[in-house]
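Shown next, in structure tokens, is the structure this report addresses.
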Amino acid sequence: MFENNLFSGNKQVIIQSSVGSVFSSTAEKELKAAIKKGNNAIAISGRVVNPGVYEISEGLSLKDVIELAGGITGKKKFKAAQFGLPFGGFITEEFLNTPIDYKLFSKNNNRSIIILSEEDCIISFSKFYIEFLLGKMQQRGYLGYSRVQYEIERTWRVLERISMGKANMRDVFLLRQLSEAIKEALNQENNLVLESIDKFYDEYKCHIENGNCPAGQCIQLLKFKITDRCIGCTACTRVCPVNCISGELKKRHKIDNDKCTHCGQCVVACPVGAIFEGDHTIQLLRHIATPNKVVVAQIAPAVRVAIGEAFGYEAGENLEKKLVAALKKIGVDYVFDTSWAADLTIMEEATEFQKRLKRFYNGDEVKLPILTSCCPAWIKFFEQSYPDMLDVPSSVKSPMEIFSTVTKDLWAKNLGLTREQVSVVAIMPCLAKKYEASRPEFSRGDNYDTDFVITTRELIKIFKQSDIDLRDMEDEEFDAPLGEYSGAGIIFGRTGGVIEATTRTTVEMITGERLEDIEFHELRGWEGFRTAEIKLGDVELRVGIAHGLEEAAKMLDKIRAGEEFFHAIEIMACKGGCVGGGGQPKARNKMEVLKKRAGGLNKIDKNKVIRRSHENESVKAIYRDYLDYPMSRKAHELLHTKYFPKLKY
């Protein structure tokens, strides 16, 4: 089988196609060279084990061709095959055993086949394909399509709205009209969008009428679900902190998505992988492959001390520099650090905390405690269960959203790029970050600040499928300036880290004195809920730290009833904080591993020259050049948000 691959032994050249459904320009060159020699060559990509350029014998069926390329990845069910770039037609399951008709490749199409499986969303694929075509047109390719550029751009916008759950069935009618106009103007035999509607009409209806993407690729429509692999062991129900999973022993369970906080602890606990969490690996590879798209990755603190476990490293080992190298190898343009945005978060949050404290001790009416707001699972839980207390959390966005906002609204503009040209992918330890990225308040119109989220496990999958071993990577530094972080920014990834980072800056802001010892050990620990008292001049601050929503609920109930008082509280939905996030590698000795991951973050902090957020020079620069000062009007407009009551049914 493998010896028939005319492009074997050089998988990196077509790295996008192994998961991302397109060939690089080098592979296109190889295909043209093979065809010129008289070979009956076809480029096969998409959901196949061994993508490449193959010589196809006459009479072979599509099923034979898929087997020639190693079969469908993950042994998933075949969905469709798309023939020819650009705008070739679809072949569906009923034609799997039919001999391939070379007339499917018109003189205007490249001789390529993209295989889609049940894991693919037809709307997401069609949208990507149109964006790929538009990118080529911007590079002065496919010049004949310029006469229908307006119709192609409108097609993309409609598909974008369908993927976000913002469309109605009239938009499908509009898509038909646009596609018919394109087909007629270009004298096409096939039209990708038109055929996707005809062959997958129910999938379009599901997106529009049910607000659901069955494949889980459209991030704004992602919902957790328990598949038929469930054995009814009840492991998920035992770890769910909000009791949103129900079902009888040894029978398939069900998730109530209205109550679900997307923390992902059920995914980590499930012994058979029965909980569908969505998969956005292909989205990353597709964005990398799209011409004129600038892909920017941000890496959360907890990812670097956990991802190495999949490559033979000890838990807690800092692999940030190898991560940068690996992401650049698969084609990411810029790699920055979310820890930089964590420093910016601290500047805003510490200033907000300082102002609340000042008003409180002046006798003014003010809401305390201030609650840190970096964990999206805890925020959704708070919106659902404590709608009467929504003015208590800090209004500062999470570091992920601050980074994405700054990247698209400031950094991109400085480079002469539009928001639409920049794709921000967040590498996160947390499944709830996918939910956070889809929140409409973190968007400008239909363009979201964070385009999609890749978890640590998903990134491991991409690296493994692309034959990338972190042990073989040469260290590379983060790109500047959004990669420079302090020790305070890095400890965001473990329980107690956010409040400790905030305290370092708040204390020095209020006292005007530089602390010799900035490690607040009283804020550290592994109890589900713990309290600490910090002396601040004549004032003693009372701080609460909770990890795990059950403990958070107990504490918040006491605060609501007036039984407890705190000046500040940190809450993380996952045990251990982000190091134990629902998107992290699964661990057998969980607590031991979490402590090692947290220890790795503490070690990075201890070894940093800059350990206070307010001493980060690149953070100072953004205030000097763009935002004036923490909690300014400009800063509030860009870096702050609001919370909304979420009804539970």
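Only heavy atoms go into these numbers, but all of them, side chains included; no hydrogens, no water, no symmetry mates. On a predicted model such as this, the values are computed, not experimentally measured, just so you know.
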Flag, side chain of [X] to backbone of [Y], donor-acceptor distance under 3.5 Å:
X	Y	result
Ser443	Pro440	yes
Arg304	Ala300	yes
Asn50	Gly52	no

Could you tell me whether the side chain of [Y] reaches within less than 4.5 Å of the side chain of [X], counting heavy atoms only?
X	Y	result
Phe83	Leu192	no
Cys206	Pro214	yes
Ile123	Phe200	no
Lys77	Glu93	yes
Thr98	Leu62	no
Asp64	Asn97	no

In terms of side-chain geometry, is the basic nitrogen of [X] or [Y] positioned less than 4.0 Å from the acidic oxygen of its partner?
X	Y	result
Lys461	Asp279	yes
Asp469	Lys329	no
Arg161	Asp171	no
Lys79	Glu203	yes
Asp451	Lys408	yes

Self-check item: Positive for side chain to side chain donor-acceptor pair (under 3.5 Å) with Arg444, one of Thr405, Asp449, Asp409
Solution: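 Considering Thr405, Asp449, Asp409, a side chain to side chain donor-acceptor pair (under 3.5 Å) with Arg444 is found only for Asp409.
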Quiz item: Is the ring centre of Phe452 less than 6.0 Å from the ring centre of His287?
Solution: yes
Practice problem: Measure from the ring center of Trp340 to the ring center of Phe478 and say whether it is less than 6.0 Å. | Solution: no
Self-check item: Pairwise distance CD1(Ile56) to CD1(Ile42) - rounded to 0.5 angstrom
Solution: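 Result: 5.0 Å between the selected atoms.
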Practice problem: Could you tell me the separation between the CD atom of Glu131 and the CD atom of Glu153, rounded to the nearest 0.5 Å? | Solution: 11.5 Å
Restricting to non-hydrogen atoms, name the atom on [X] and the atom on [Y] that form the minimum distance, rounded to 0.1 Å.
X	Y	value
Leu175	Ile162	CD1-CD1, 3.8 Å
Val324	Glu476	CB-O, 3.5 Å
Lys199	Phe90	CE-O, 3.5 Å
Val268	Arg457	CG2-NH1, 4.3 Å

Under 3.5 Å side-chain donor-acceptor pair for [X] and [Y]:
X	Y	answer
Thr281	Glu458	no
Ser196	Tyr204	yes
Gln82	Tyr129	yes

Quiz prompt | Pair listing, side chain to side chain donor-acceptor pair (under 3.5 Å) test, anchored in residues 205-215, at least two apart | solution = none
Quiz prompt | Parallel, tilted or perpendicular, as decided by the 30° and 60° cut-offs, for the rings of Phe403 and Phe336 | solution =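 Correct class here is tilted.
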Practice problem: Would you please classify the geometry between the Phe311 ring and the Phe463 ring as parallel, tilted or perpendicular, with 30° and 60° separating the classes? | Solution: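 The rings of Phe463 and Phe311 sit tilted, inter-plane angle from 30° to 60°.
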Practice problem: Assess whether salt bridge (charged side-chain N to carboxylate O under 4.0 Å, His left out) is satisfied between Glu436 and Lys433, documenting all intermediate values. | Solution: CA-CA 5 Å; Glu436 182 181 40; Lys433 286 293 180 183; 2.8 Å; yes
